[in-house]
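Lettering follows sequence order; numbering is per chain, from 1. Because only heavy atoms are used, hydrogens play no part in the values below, and waters and symmetry mates are left out as well, while side chains stay in.
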There are 2 protein chains.
Amino acid sequence: MKLEILPIDGIGDVSPGDDLAALIAGAAPWLRDGDVLVVTSKVVSKAEGRLVDVPVDGPERAAARDEVLAAETARPVATRGQTRIVQTHHGFVMASAGIDASNVDRSRLVLLPKDPDASARSLRAALRERHGVDVAVVVSDTMGRPWRNGLTDVALGAAGIAPIRDHRGETDPYGNELHITQMAVVDELAAAGELVKGKCDQVPVAVVRGYLAQAQEDDGAGAVALVRDAGSDLFSLGTAEARAAGLRAAATLPAASVVGEVDPAAVARAIATVTGVVAPGTVFTYVDGEGVHAAPPGGADLVRFGEDVHRLRCALAAEGCALPVLPSGGRR
Amino acid sequence: MKLEILPIDGIGDVSPGDDLAALIAGAAPWLRDGDVLVVTSKVVSKAEGRLVDVPVDGPERAAARDEVLAAETARPVATRGQTRIVQTHHGFVMASAGIDASNVDRSRLVLLPKDPDASARSLRAALRERHGVDVAVVVSDTMGRPWRNGLTDVALGAAGIAPIRDHRGETDPYGNELHITQMAVVDELAAAGELVKGKCDQVPVAVVRGYLAQAQEDDGAGAVALVRDAGSDLFSLGTAEARAAGLRAAATLPAASVVGEVDPAAVARAIATVTGVVAPGTVFTYVDGEGVHAAPPGGADLVRFGEDVHRLRCALAAEGCALPVLPSGGRR
């Protein structure tokens with residue numbers, strides 16, 4: 001097996017209404033069945049007219065940009081300084097919702113394609129039906145990622161190729177079962193394409209030849225299969241945002257909770273967290289099945305005691321214990 | 001520009017003490033100056049003897065694995081069920097610290113190379129000095145990432161190539177300055193290599209030909225340049241872990257704080273958060289430069305009032321306001 005990655009030169013500038021399939025087929029009459037086309041999302045967006053007019057300068061430009069960002073945002077994920085990481089309506093988590101001001105006139109912003117999988121399918125169909133070549137299509141864009149510097153290209157859309165290569169159920173030569181190896185091959189193809197596109201000037205499409213013997217007959221699940229839903233993601237919010245959510249939860253913790261299965265070690269950790277912060281002499285006693293009894297020191301300031309009771313509630317919640325804290329030996 | 005990605009067949013199994021450069025040069029006498037070798041970290045680890053003996057089964061195996069994981073962990077990042085995402089001593093954030101039980105005898109675990117940049121440099125030097133070919137080397141491994149299903153290969157080590165291609169300061173054809181485009185090319189090369197390695201059986205090394213005219217004379221910054229330090233990462237902790245940190249912070253919030261610059265809208269949001277949770281009749285009054293005065297309802301339960309005071313403190317902290325809450329009109 002040997003791959004080739006080839007740039008398609010000479011596509012030129014793309015404008016709304018342009019026939020992208022015709023531009024690509026014209027610039028690359030050498031395309032073959034089974035080639036994987038890696039197409040920069042920006043030319044797809046431009047051909048589809050996904051452009052917004054904005055002022056070229058000043059606070060009006062910033063305000064217009066903010067408005068566009070809000071419209072493209074399904075859910076804010078993390079913010080720091082000027083950086084806005086959001087989840088788009090497609091489900092992608094990207095800085096500035098993938099809105100781009102580069103490689104476009106200063107009076108316009110480029111939005112992501114409305115449905116990049118549909119864009120990939122329609123480009124594939126046009127190339128097959130009008131230009132007689134059956135390729136797979138990956139619509140790519142540049143993304144950052146947590147924990148690593150530098151950006152890489154990934155797939156926003158795909159057609160004619162399975163987005164994931166699944167090794168689950170296979171065994172290695174040692175007889176170990178491969179449990180979790182699902183490779184996001186369309187992301188790797190997007191990255192491979194970028195190596196060629198990024199080093200050339202104005203090359204929006206690269207071809208990966210040799211990866212597929214032929215394009216998949218149906219279009220496949222699309223790159224939407226790579227979108228992990230926020231509920232099953234361990235990093236659905238930025239650290240600062242999640243920490244603030246914890247503080248906000250602390251503000252509204254109920255006074256009493258139902259005691260379920262409780263780990264006494266977790267209760268001990270919670271009590272240790274507040275020890276040294278609460279008024280000296282305050283005593284917390286964990287009674288299994290009942291909660292934590294809180295007794296104020298003699299001659300206590302009851303307001304301060306109440307604060308300390310809520311402190312322990314927060315510490316318990318941090319340990320995952322929804323446990324009642326009962327002031328003064330069960331008064332509540 | 002055209003890239004080729006070629007597998008190196010016939011390297012076979014790698015054992016501790018093996019001369020990886022000799023195995024590669026023997027299997028690929030066709031290597032050329034300027035080729036980029038993408039080498040699976042596992043064969044580097046095996047050659048370097050980064051293996052740990054573990055029981056083949058039972059709770060002893062799980063316990064031994066936990067112990068190895070703890071030793072490889074610099075900092076836990078996120079945990080859910082069996083999944084442990086940690087930062088390694090190298091700074092990589094990976095599931096199970098990159099410890100791998102596949103493609104190795106069941107009595108052993110494979111650890112990451114101790115210093116993958118050093119491994120890349122030493123493999124490059126050996127190929128140049130003993131086999132007469134000057135290549136760049138990328139040591140690769142498979143990583144997951146937030147927000148997207150499926151894994152991709154990235155670079156853990158690199159030598160003879162700049163890890164990042166930097167477009168900052170360049171302008172596009174429309175005259176827009178490119179601000180943030182730093183591409184992690186060694187990650188993209190690792191991904192491109194995986195496309196060939198992953199589809200073949202037992203091919204631990206791929207060659208990317210055509211990306212570099214020649215390898216960089218010095219070894220370059222290495223893949224360590226791609227490690228973002230936790231302090232500047234917006235996702236340094238899992239969402240659940242960061243939320244728990246917020247609750248823990250709530251447990252230890254001080255009673256009084258220094259008032260700095262305060263946004264009255266943030267104070268209003270904080271008061272709105274607790275309204276409906278605190279005892280009816282409790283009044284919070286924001287006095288600029290002083291804090292928030294809290295007055296209990298008539299005939300108040302002072303313990304309950306104290307709880308409510310701390311609730312507001314938490315809500316203020318969630319809004320980023322370190323603001324004193326002064327019970328009963330400034331008693332504290």
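Nearest heavy atoms, Ile164(A) versus Asn149(B): CD1-CB, 4.4 Å. The two residues Ala191(A) and Ala191(B) come nearest to each other via the heavy atoms CB-CB, 4.0 Å. The two residues Pro146(A) and Pro146(B) have their closest heavy-atom pair at CG-CG, 3.7 Å. Scanning all heavy atoms of the two residues, the minimum distance from Glu188(A) to Thr152(B) falls at OE2-CA, 3.5 Å. Val104(A) and Asp172(B) make their closest contact through N-OD2, 4.3 Å (heavy atoms, listed as atom of the first residue, atom of the second, distance). Pairing each heavy atom of Phe235(A) with each of Trp147(B), the nearest pair is O-NE1, 2.9 Å.
The candidate from Leu226(A), Val277(A), Asp233(A) with the greatest count of non-hydrogen atom pairs under 4.5 Å with chain B is Leu226(A). The choice from Val309(A), Asp153(A), Leu6(A), Asn103(A) that makes the most heavy-atom pairs within less than 4.5 Å of chain B is Asn103(A). Contacts with chain A were tallied for Leu253(B), Val278(B), Thr171(B); Leu253(B) has the most, counting heavy-atom pairs under 4.5 Å. Looking only at heavy-atom pairs under 4.5 Å with chain B, the residue among Val185(A), Asp229(A), Leu234(A), Ile85(A) that has the most is Leu234(A). Per-residue counts of heavy-atom pairs under 4.5 Å with chain A were compared for Ala245(B), Pro173(B), Gly320(B); the largest is that of Pro173(B). For the options Ala78(B), Ala318(B), Pro7(B), heavy-atom pairs under 4.5 Å to chain A are most numerous at Ala318(B). When Ala192(B), Gly198(B), Ala317(B), Pro163(B) are compared by the number of non-hydrogen pairs under 4.5 Å with chain A, Gly198(B) comes out ahead. Listed options Gly193(B), Ala230(B), Ala155(B), Gly210(B) were ranked by heavy-atom pairs under 4.5 angstrom with chain A; first place goes to Ala155(B). In terms of non-hydrogen atom pairs under 4.5 Å with chain B, the most contact-rich of Ala184(A), Gly175(A), Gly150(A) is Ala184(A). In terms of heavy-atom pairs under 4.5 angstrom with chain A, the leader among Leu312(B), Leu316(B), Leu247(B) is Leu247(B). Between chain B and the residues Arg80(A), Met143(A), Arg248(A), Glu194(A), the largest count of heavy-atom pairs under 4.5 Å involves Glu194(A).
Ion pair Glu4(A)/Arg209(B) not flagged as a salt bridge, since none of the NZ, NE, NH1 or NH2 atoms sits closer than 4.0 Å to an Asp/Glu carboxylate oxygen. A salt bridge links Asp187(B) to Arg145(A): one of the charged nitrogens lies within less than 4.0 Å of a carboxylate oxygen.
Only the side chain of Gln202(B) has a heavy atom closer than 4.5 Å to any heavy atom of chain A. For chain A, no part of Ala190(B) is nearby; none of its heavy atoms comes within less than 4.5 Å. The part of Arg165(B) that comes within reach of chain A is its side chain, from C-beta onward, which places non-hydrogen atoms under 4.5 angstrom from that chain. Looking at Asp13(B), the atoms closer than 4.5 Å to chain A (heavy atoms on both sides) all sit in the side chain, from C-beta outward. Contact of Thr142(B) with chain A is made through the side chain alone, with heavy-atom distances under 4.5 Å. Residue Ala300(A) does not touch chain B at all, counting heavy-atom pairs closer than 4.5 Å. Both the backbone and the side chain of Leu189(B) come within contact range of chain A, judged by heavy atoms closer than 4.5 Å. In this structure, the portion of Ala101(B) lying under 4.5 Å from any heavy atom of chain A is its backbone and not its side chain. For Pro296(B), no part sits under 4.5 Å from any heavy atom of chain A, backbone or side chain. Both the backbone and the side chain of Thr252(A) come within contact range of chain B, with heavy atoms under 4.5 Å apart. If you measure heavy-atom distances from Val196(A) to chain B, the contacts under 4.5 Å come from both the backbone and the side chain.
Residues passing the side chain to side chain contact (heavy atoms under 4.5 Å, CB included) test with Thr239(B) are Ser236(A), Leu237(A), Ala242(A), sequence neighbours excluded. Judged as a salt bridge (Lys or Arg N to Asp or Glu O under 4.0 Å), and not counting sequence neighbours, the contacts of Arg311(B) are Asp308(B).
Considering CD1 of Ile5(A) and CG of Leu3(B), their distance stands at 4.5 Å, rounded to 0.5 Å. For the atom pair CG of Asn176(A) and CG of Asp105(B), the computed distance is 8.0 Å after rounding to the nearest 0.5 Å. Between the CG atom in Leu195(A) and the CE atom in Met183(B) there is a gap of 8.5 Å [rounded to 0.5 Å]. In this structure, Arg304(B) CZ and Leu302(A) CG are separated by 15.0 Å, a value rounded to the nearest 0.5 Å.
Side-chain contact between Val154(B) and Arg148(A) is present, with heavy atoms from C-beta onward closer than 4.5 Å. Pro327(B) has its side chain within reach of Glu307(A): a pair of non-hydrogen atoms, C-beta onward, lies under 4.5 Å apart.
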